[in-house]
2 protein chains.
Amino acid sequence: MKPDFQPLLKSLSLKTTPKRIALLEILDDEKVYLSPEAIWKKMQKLFRSIGLPTVYRILDELHEGNIISRVLHPDRKLYYYLCRNEEHHHHFICVSCNKVEDLHFCAEKEIETLVVKGMKGKVLSHILQINGLCSRCLTEQVPAHG
Amino acid sequence: MKPDFQPLLKSLSLKTTPKRIALLEILDDEKVYLSPEAIWKKMQKLFRSIGLPTVYRILDELHEGNIISRVLHPDRKLYYYLCRNEEHHHHFICVSCNKVEDLHFCAEKEIETLVVKGMKGKVLSHILQINGLCSRCLTEQVPAHG
DNA sequence: CGTTAAATAGAAACTGTTTCTATTTGCGAA
DNA sequence: TTCGCAAATAGAAACAGTTTCTATTTAACG
């Protein structure tokens, strides 16, 4: 069940190139977040000649257009994944298998109150990221990395 | 009022070198988080010859020993600051002046419940970072960067 | 099909960080 | 206080992830 990404690209005034479609399909297939390099390696199986800069550029464009989300991993690298949730939410990241799960929880109101009333400041954005082990990795006793 | 950092270093089995003391004093003076390079520049005023790798190494050691905290900035660089709070807390970061304020708020319980009961997973760590404008920058209408 | 602006490959540059090796220095022992 | 050695450091170089640059290719529109 591959979604039709053409209208999505069109809405961002991006041309529908095979590489953009392939990258979106790769992210759509994965339930884990991927590094640009991992995406590049998957792309190389589909295109005999594709540069890493192309992957970076496409990721930037799609992230810019809010089609894909990215995670700032504790290892200081950026990881990307396709996020289908429109509403505001946060991420649970399994440090063992890299799976991302959306958490429909947000402490927005508490934060807003603390910052506005407590500090007389203003909230521009907030990041809530939970690192842990998903149910599968937990039961399988896979050693966590990081 | 400079604290005596010697026993602190000793407790980590780190030798009390002028550079380690100076770095701690620089961080103690600042109420903002600093990049390794910014710290290096301040160090260069005190030591005619100091390498950037030395700054990185000292920062790593102190961070390892839980003496200093670090922030993973949206610009993907690491910033460091001296954190005097022992208890678990989170950070408000002013994107205009880089000041860090501790927020004594934590959604730990809600997160725990969601992950354990909802996902049957396990929480290893969590990051809550609030980016905004502090009261001073807000009233001064300083344009925010980032 | 032809045109044109957008997209891409490949090389090279850039930046923050780490590693390596020879030299220097803090500090416990004598 | 001086000695000896492990720890700390300088400076160069390497490294990794990411970005920039330029010539070439390609999608989209008429």
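Naming: A, B, ... by sequence-line order, numbering from 1 per chain. Fair warning: this is a prediction, and the values are worked out from it, not measured in the lab.
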Less than 4.0 angstrom between a side-chain N/O of Tyr56(B) and OP1 or OP2 of dT17(C), yes or no?
yes

Nearest-angstrom distance from the residue atom CZ of Arg70(B) to P of dG16(C):
16 Å

Exactly one of His104(A), Gln129(A), His126(A) should register a side chain to side chain donor-acceptor pair (under 3.5 Å) with His90(A). Which one does?
His126(A)

In whole angstrom, give the distance that lies between atom CD of Gln6(B) and atom P of dG26(C).
12 Å

Interatomic spacing from CD in Gln6(B) to CG in Leu24(B) - rounded to 0.5 Å
12.0 Å

Might you confirm whether atom CD of Glu64(A) has over 12 heavy atoms from other residues, nucleotides or ligands at distances under 6.0 Å?
no

Rounded distance [0.5 Å steps], NZ in Lys120(A) versus SG in Cys134(B)
14.0 Å

For a 4.5 angstrom cut-off between non-hydrogen side-chain atoms, does Thr54(A) reach Arg57(A)?
yes

Check: protein-nucleotides 11-15 of chain D nitrogen or oxygen pairs below 3.5 Å:
from: dG11(D); atom 1: OP2; to: Ser49(B); atom 2: OG; distance (Å): 3.2

Roughly, in whole Å, what's the span from CG in Leu52(B) to C1' in dT15(C)?
11 Å

Could you check how far NZ of Lys77(A) sits from C1' of dT17(C), rounded to whole Å?
14 Å

If you compare every side-chain N and O of Lys10(B) against the phosphate oxygens of dC27(C) (OP1, OP2), does one of them come in below 4.0 Å?
no

Flag side-chain contact, heavy atom, 4.5 Å: Tyr80(A) against Asp60(A)
yes

Taking atom P of dT15(C) as reference, at what distance in whole Å does atom CH2 of Trp40(B) sit?
14 Å

Along nucleotides 1-7 of chain C, 5' to 3', which nucleotides get a B, which get an S, and which get a -, given that the test is a protein heavy-atom distance under 4.0 Å?
----BSS

How many Å lie between CD1 on Ile58(A) and C1' on dA9(C), as a whole number?
12 Å

Check the pair Glu61(A) / Arg20(A) against salt bridge (Lys or Arg N to Asp or Glu O under 4.0 Å), numbers first and verdict last.
CA-CA 10 Å; Glu61(A) 293 158 350; Arg20(A) 283 187 179 135; 3.0 Å; yes

Kindly point out which of dT8(C), dC27(C), dT9(D) is positioned nearest to the side chain of Thr16(B)?
dC27(C)

So, for His91(A) and Tyr79(A), is the gap between ring centers shorter than 6.0 Å?
no

dA9(C) C1' sits how many Å from Gln44(A) CD, rounded?
12 Å

Sugar-phosphate only, base, or nothing, as touched by Ser35(A) at under 4.0 Å among non-hydrogen atoms:
nothing

Contact between Phe5(B) and Leu82(B) at the side-chain level, heavy atoms closer than 4.5 Å - yes or no?
yes

Rounded off to whole Å, could you give me the CG-to-C1' distance for the Asp60(B) and dT17(C) pair?
9 Å

